[in-house]
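None of these values were measured; they are calculated from a predicted model. Reminder, nothing fancy here: chain letters follow the sequence lines and each chain counts from 1.
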Protein chains: 2
Amino acid sequence: MAKDIPEAATRAAADLRMLTSLLRRRLMAITKDDALSLAQSDVLVRIDREGPATLSALAAEERVRPQSMAATLDALIAAGLIERTPHPTDRRSSLISLTAAGRATLETARGSRQEWLSRALAEELDDEEIAVVIRATGLIERALNR
Amino acid sequence: MAKDIPEAATRAAADLRMLTSLLRRRLMAITKDDALSLAQSDVLVRIDREGPATLSALAAEERVRPQSMAATLDALIAAGLIERTPHPTDRRSSLISLTAAGRATLETARGSRQEWLSRALAEELDDEEIAVVIRATGLIERALNR
DNA sequence: TATTGTTATACTCTATAACTATA
DNA sequence: TATAGTTATAGAGTATAACAATA
């Protein structure tokens, strides 16, 4: 039996769905000097935040199939931004970590999508509003991982 | 010269960027009985909300090129969910509107991504938190369109 | 047997370039 | 000239299916 879904949740879901598409397209359009694709940026940031990980773990965290993650990692390896080292205990697997170039890329992510979005938020929203956005991202993430 | 971007805006931008990818992948994974692609759903909802529109107008609002919008519209027309009628004053153009089947599809969007997301929000968040999410989507949209 | 990863293939979404028809 | 739309082509991102190696 379907539990009743409050009007507000339906509205929030509809708004979120459309906003997600729009935001992604805006980000994609910011190509500039940033050679990284969106999926590549996601993975680079994740490894930076969480440390070395296996392909499977990255795929699970990013919610893609291992084959899809493999394609993304291949591109990052080809660009010299990450590297594989043998897994210490599992010979089937490798640990993926940032190279020096990968860390440098993250630090110079200015002039890229990240900067464009930061600036858009900073210039249009006040401190209280930005706090609301931060709180909302946490709430949405919690709902997605429930 | 780059104006200083507050720490909080940078944090909000990073969180938003990654959340956008994750949310989109979760939505894509909900295929079920819903035959519409994400881009198709976006357009169908938009026409329903805003009424008949030209291809160019839809492309501008959805932030895609006219060629991309044409592909999406072709699929929706093939599915019988929208239709073209001649533009009253511009013979180069057409007005795109929902068919009866298109309206029916929107109404029976239960069992689809929209329902999955609504339920996730409703089950994990309380009323005050959902209100925060709704407010945040409005704020983000404002920043994107600034 | 279950898990980690690879190879092969296909579909969605979007873009750029070059074009036609109409305004 | 400028705008609305089309045709052709390509790349990013993702998936499923079938497989090999190791746990």
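- Taking only side-chain nitrogens and oxygens, A:Ser93 never comes nearer than 4.0 Å to OP1 or OP2 of D:dT22.
- When each of A:Asp90 and B:Ala71 is assigned the nucleotide of DNA chain C with its nearest heavy atom, A:Asp90 is the one assigned upstream, toward the 5' end.
- Here D:dA15 presents its C1' atom at 14 Å from CE of A:Met69, a figure rounded to the nearest Å.
- OP1 or OP2 of C:dA15 sits under 4.0 Å from a side-chain N or O of B:Ser68.
- Considering only side-chain N and O atoms, A:Ser37 lies under 4.0 angstrom from the phosphate OP1 or OP2 of D:dG13.
- One finds a salt bridge joining A:Asp42 and B:Arg17 here, because a Lys/Arg side-chain nitrogen approaches an Asp/Glu carboxylate oxygen to under 4.0 Å.
- Taking atom CG of residue B:Leu95 and atom C1' of nucleotide D:dG5, one finds them 14 Å apart after rounding to whole Å.
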Take B:Arg11 and B:Glu7 through the test salt bridge (Lys or Arg N to Asp or Glu O under 4.0 Å) and record every step on the way to the result. CA-CA 6 Å; B:Arg11 163 74 188 287; B:Glu7 179 80 20; over 6 Å; no
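- Residue A:Thr54 has its side chain nearest to C:dG5 when only D:dT6, C:dG5, D:dA4 are considered.
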List the steps, then state whether salt bridge (Lys or Arg N to Asp or Glu O under 4.0 Å) holds for A:Asp15 with B:Arg49. CA-CA 12 Å; A:Asp15 288 356; B:Arg49 286 184 178 179; 3.7 Å; yes
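- The nucleotide whose nearest atom lies closest to any side-chain atom of B:Ala70 is, among C:dT7, D:dA2, D:dT6, D:dT6.
- Between A:Asp74 atom CG and C:dG5 atom C1' the separation is 11 Å, expressed in whole Å.
- The distance between atom NE2 of B:His87 and atom P of D:dG5, rounded to the nearest whole Å, is 8 Å.
- For the pair B:Arg103 and B:Glu107, the salt-bridge criterion is not met [side-chain N within less than 4.0 Å of a carboxylate O].
- Shown here are the side chain to side chain donor-acceptor pair (under 3.5 Å) partners of B:Glu62, two or more places apart in sequence or in another chain: A:Arg25, B:Arg46.
- We find that CZ of A:Arg25 is positioned 19 Å from P of D:dA12, with the value rounded to whole Å.
- Counting only heavy atoms from C-beta on, A:Gln67 has its side chain closest to C:dT7 among D:dA15, D:dG5, C:dT7.
- Nearest nucleotide to the B:Arg65 side chain, out of D:dG13, C:dT22, C:dA15: C:dA15.
- We find that CG of B:Leu76 is positioned 13 Å from C1' of C:dT12, with the value rounded to whole Å.
- Residue B:Leu36 contributes atom CG, which lies 10 Å from atom P of C:dC13 at whole-angstrom precision.
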So B:Arg135 and A:Glu128, salt bridge (Lys or Arg N to Asp or Glu O under 4.0 Å) or not? Walk me through it. CA-CA 12 Å; B:Arg135 181 162 177 233; A:Glu128 186 266 340; 2.9 Å; yes
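- Sequence order on DNA chain C of the closest nucleotides to B:Ala39 and A:Ala57 puts A:Ala57 first from the 5' end.
- For B:Met28 and B:Leu55, each mapped to the nucleotide of DNA chain D holding its nearest heavy atom, the one lying further toward the 5' end belongs to B:Leu55.
- Checking D:dG5, C:dT14, C:dT6 against every side-chain atom of B:Ser56, the shortest atom distance belongs to D:dG5.
- Phosphate contact (OP1/OP2 of D:dT6, side-chain N/O of B:Arg84, threshold under 4.0 Å): present.
- The side chain of A:Arg91 lies closest to D:dA23 when the candidates are D:dG13, D:dA23, D:dT14.
- When each of C:dT14, D:dA12, D:dA15 is scored by its nearest atom to the side-chain atoms of B:Val64, the top-ranked nucleotide is C:dT14.
- If you check every strand for non-hydrogen atoms under 4.0 Å, A:Ser94 touches sugar and phosphate atoms only.
- Counting distance only, with no hydrogens placed and no angle test, the side-chain atoms of B:Arg92 and the base atoms of D:dT3 include a donor-acceptor pair under 3.5 Å.
- Rounded to whole Å, the distance from CD on A:Glu61 to P on C:dT4 is 13 Å.
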